[in-house]
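Whatever order the structure lists ligands and atoms in, that order sets their numbers, starting from 1. Predicted model only: the values in this text are computed from it and were never measured.
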Amino acid sequence: MKKMSTILAAALLCLAAKGEVNYQTIPLPQSITLDASGKTTALVKGQVVAYPAENALMKRNAEFAQEFLGLVPQPEVEAKKKAKKKDVAPVRLALGLASDNPDAYQITVDKKGILVQGASESGVFYGIQTLRKSIEQETGDSVLLPWVVIQDAPRFQYRGAMLDCARHFFPADFIKTFIDILALHGVNKFHWHLTDDQGWRLEVKALPELVAKGSHRPYTIVGPNVGAKDLSNAIFDGKPEGGFYSREQIRDIVAYAAERYITIIPEIDLPGHMVAALTAYPELGCTGGPYVVKRHWGIDTDVLCAGNPKTLEFIKTVLSEVCELFPSKFIHIGGDECPRKRWEKCPKCQAKMKELKLEKEAQLQTYINQEVENFLATKGRELIGWDEIVQGGLSENATVMYWRGGKENVTAAQKHHRVIVTNKWFCYFDYYQLANHATQPMAFTRDLPLSKVYSHEPIPEELTAEEAKYILGAQCNVWSEYIASPDHVMYMLLPRLAAISEVQWTQPEKKDFEQFKPRLAEFEKMYHRLGYKYCTNYE
Ligand code: ACM
Ligand code: ZN
């Protein structure tokens, strides 16, 4: 197929601008080669889509083609017979694309029909998503697809998004919508923040008090209080807040995500951010409590007692059930913002330090991390933690989630830790989207405009090419202190997720914010049609 002339390219772009087929979607595919002939092949609603019959995942992919493109799934052999009779250009889903990247796909539209071929089943899924987005503006029953070869593969293997369901609870149905939104943007990891000082959201069969006592609070502070020591003038909303995910719901959501090639990485934040758990099991704290599920924000001094043997027992019981429910290789154990104040005064913690010949309280956290890492290894799992976990020393196997925005990413990669980039200056979607805060709902007090998200480069310049391989990818984080409804989650997520999806997917030399903006304007129509809320103006 010849490269298309510039004039024809301009003409086709012009057509696209009028709301016709547009392959230049989000995230932008790596290579789109339109055929110089200008010919088209019709994609007709109700037409058969053929898939290799023996492959259940490909059958599921064909069902997605049905949902997104209006096609009728049929095993390949039968479809071939039918095509001969009916003289309709075949639409085929196939494997066997040669690529090292399992998420790679190629879409070929030519006189033979429409072929979506993947290096694996996930690649085919992404190809279907790209076709779906390309024809979004077409409302008729027959869409004329310009002949094209689209070759695409994501830049990073880890393309994540985190949702904090601890500060505010979001219902299971919305979690599925959230997953649909991630899939639309080529995201393949959903980091699920399930526990924190303000709520414990995961049912644990062996520890029923966690949700019985830890998943509800009677009211919540109004407005920001981060850093405020004196809450005597604080206003509380008087509204009970709560909820948790049953084991059955979790299994259902994990399966829902897996069909969309999204792995759920659960996070149990420890040993800090544990007040909801301490409310349920106060003997796990250094002072013995009593504790209450927090009704305001910030970092709490009450954490798990590192010297009490029951603490490790508790962690292992929780993580055993986590591993039962979540097949993810990676299990996130938090590790951020753990003050040592209680450990300094606690006889049990001090005795543990003596026993282990530790010099600093920080090393108690390392001791917990190592125990947890060894425990997870017995289940064939690996640990991820926020970047503070490096502080007291860490085994090379641990993966570091970089968030504090200093040089923690460089240090971790140089020490050969795998790194996931969630740099707060570029990836924290709880920050304001516009400089004029008065026009938006209350958010965390910093700004993160769309253009800044888009500009992000996750690989720091300081790394050699060899060290850069330790950067697995990037992730946005939606913390929910100030986000209490699904609509508001979507508003904070969109369209910034579109921007970070190109950070995660598209090669940096192809990124151009000015060129991204008109594509986003088209893409937003899809958000609108699907009922997703989004920030309609951006900077
Ligand atoms: C974090 O934002 N505390 C990871
Ligand atoms: Zn203690």
Check your understanding: Without hydrogens or angle criteria, can the side chains of E388 and W403 be said to hold a donor-acceptor pair below 3.5 Å?
Key ->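 Yes, a side-chain donor-acceptor pair sits under 3.5 Å.
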Check your understanding: Under 3.5 Å, is there a donor-acceptor pair between the Y158 and Q475 side chains?
Key ->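 On atom types as modelled, these side chains qualify, holding a pair under 3.5 Å.
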Practice item. Angle at the Zn ion (ligand 2): provide the value between SG of C286 and SG of C305, rounding to 10 degrees. Key: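 It comes to 110°.
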Practice item. Quick one: the SG of C349, the Zn ion (ligand 2), SG of C346 angle, rounded to 10°, please. Key: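 Between SG of C349 and SG of C346, at the Zn ion (ligand 2), the angle is about 110°.
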Review point. Name the one of H193, H191, H273 that satisfies ring pair (Phe, Tyr, Trp, His ring centres under 6.0 Å) with W386?
Key: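 When ring pair (Phe, Tyr, Trp, His ring centres under 6.0 Å) is applied between W386 and each of H193, H191, H273, only H191 qualifies.
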Review point. Which of these, R519, K510, R155, sits in a salt bridge (Lys or Arg N to Asp or Glu O under 4.0 Å) with E502?
Key: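 Considering R519, K510, R155, a salt bridge (Lys or Arg N to Asp or Glu O under 4.0 Å) with E502 is found only for R519.
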Check your understanding: Would R201 and D196 pass as an ion pair if we require N to O under 4.0 Å?
Key ->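 Salt bridge absent between R201 and D196.
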Check your understanding: Below 4.0 angstrom, N of the basic side chain to O of the carboxylate: do E382 and K329 qualify?
Key ->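 A salt bridge links E382 with K329.
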Looking only at distances, please establish whether an N/O atom of ligand 1 is found under 3.5 Å from an N/O atom of [X].
| X | result |
| --- | --- |
| E337 | yes |
| W386 | no |
| D336 | yes |

Point to revise | Numbered atoms of ligand 1 (with element) below 4.0 Å of W479, judged on heavy atoms | key: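 Those atoms are 1 (C), 2 (O), 4 (C).
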Check your understanding: Considering only the protein, which heavy-atom contact is closest to atom 2 (O) of ligand 1, and what is its distance?
Key ->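 Checking every protein heavy atom, the shortest distance to atom 2 (O) of ligand 1 gives Y428 OH, 2.6 Å.
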